[in-house]
Amino acid sequence: MNSLQRAEAADHAAIEELERLVIVKSTIYTSGERDPRDPPEQRTGPGKLHLMGPDPRLRRMPDRPTLFDFYRCRVGAGPITHMLQSARLARKNGVSEKIVLACLLHDIATGGFIRADHGYWAAQLVEPYVDDEVAFAIRYHQVLRFYPDDSVGYKYPDSYVRLFGPDYRPEPYLDTAYKYARDHKWYMTARLLTVNDLYSFDPNVKVELEEFEDVVGRHFRQPEEGLGFDQSPSAHMWRTINWPTRYL
Ligand SMILES: [Fe+2]
Ligand SMILES: [Fe+2]
């Protein structure tokens, strides 16, 4: 077999594998497009098996995936550029490495997991591997983004007026969370994350993940078994990002 024939055979095998499998989406992926109470579409057929491992349509991840493996294989390029540029700005502004790391992680949920309440999801995801102060900043950046702080020159974002309209007001639960964060000893850590959270990031400025290898090495406790396989309280969340269409 020459290399073209080998590539064709591999393609053929991949298509056959896909045809053999039943791959369904979790309710949360389609809730809204369809009523979650409706019965799911039936896609089973004779000889078909429900997917219980990696999705053949996605880039295969290493057996012991690291944070950057997830960034390379499961997070959108736009959000990654945004997080990298925010981290670079934070570093340029001379803030602590904890805040640089928080910038590097803060929107991992919007880019790779779940958008709604993204600060809470992201904080929960990384909590077992970072300082509590970093997780706090990530959790509350989402909340603090809605509330100005003149003392550090942080204003309500113009982009939010465009995105949500001039009449949008944060829900009461956000007001409560804001008051809690404002009185917390780590308020300024979370606030500095919002200050370095770049609104109008430049898609043409390229920042490489490698630029932050040192910060991640010092402040992100990468599990030896790989993210998802270490039995931490959020390991299942990493596995779901790795294998998002597993039937159970
Ligand atoms: Fe965010
Ligand atoms: Fe952001």
Side-chain angles (χ1 to χ4, degrees), residues 28 67-68 70-71 74-93 95-127 129-149 152-165 168-171 173-178 180-182 184 186-209 211-212 215-216 219-220 234 237 241:
I28 193 128
L67 175 69
F68 283 173
F70 275 91
Y71 274 30
R74 293 291 184 274
V75 184
I80 289 182
T81 305
H82 165 63
M83 291 188 282
L84 285 169
Q85 289 190 16
S86 299
R88 185 185 263 183
L89 178 67
R91 200 174 234 178
K92 200 181 100 204
N93 285 334
V95 297
S96 73
E97 284 199 339
K98 280 185 193 174
I99 297 170
V100 174
L101 180 72
C103 286
L104 191 68
L105 298 168
H106 76 283
D107 282 338
I108 188 171
T110 49
F113 193 43
I114 296 173
R115 291 198 69 90
D117 272 315
H118 74 285
Y120 292 85
W121 285 114
Q124 203 176 342
L125 196 55
V126 300
E127 215 149 31
Y129 314 105
V130 299
D131 266 27
D132 290 347
E133 190 174 352
V134 173
F136 177 91
I138 294 171
R139 178 169 283 116
Y140 287 102
H141 92 274
Q142 171 201 331
V143 177
L144 295 183
R145 289 286 252 133
F146 295 112
Y147 301 87
D149 183 344
V152 287
Y154 179 84
K155 298 185 176 34
Y156 184 81
D158 292 336
S159 61
Y160 280 13
V161 179
R162 277 197 305 277
L163 285 168
F164 312 129
Y168 172 75
R169 293 288 171 272
E171 293 85 350
Y173 87 93
L174 284 167
D175 278 331
T176 307
Y178 164 64
Y180 170 77
R182 198 188 48 193
H184 198 280
W186 292 328
Y187 167 74
M188 215 17 103
T189 316
R191 177 51 79 191
L192 285 173
L193 169 47
T194 70
V195 168
N196 291 286
D197 190 354
L198 264 182
Y199 310 101
S200 47
F201 66 97
D202 184 345
N204 298 314
V205 174
K206 193 90 186 102
V207 188
E208 300 296 337
L209 286 169
E211 194 173 313
F212 298 98
V215 174
V216 170
H219 302 284
F220 190 91
S234 69
M237 295 164 74
I241 298 172

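Quick note: numbers below take in every heavy atom, side chains included, and nothing from hydrogens, waters or symmetry partners. Atoms within each ligand, like the ligands themselves, are counted from 1 in listed order.
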Margin query: Does Asp131 form a side chain to side chain donor-acceptor pair (under 3.5 Å) with His219? I'd like the steps, not just the answer.
Written below: CA-CA 8 Å; Asp131 266 27; His219 302 284; 5.9 Å; no
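Taking the six-membered ring where tryptophan is involved, the planes of Tyr160 and Phe146 are tilted, since the angle between them lies from 30° to 60°.
Our summary of the site lists the angle at the Fe ion (ligand 2) between NE2 of His106 and OD2 of Asp107 as 80°, to the nearest 10 degrees. Seen from the Fe ion (ligand 1), atom NE2 of His141 and atom NE2 of His118 lie 90° apart in angle, a value rounded to 10°.
Each of Val195, Ile99, Asp149 was scored for a side-chain contact (heavy atoms from CB on, under 4.5 Å) with Met188, with one residue passing: Asp149.
Nearest to the Fe ion (ligand 2), among the N, O or S atoms that Asp197 has, is OD1.
Aromatic ring centres of Tyr180 and Tyr140 lie closer together than 6.0 Å.
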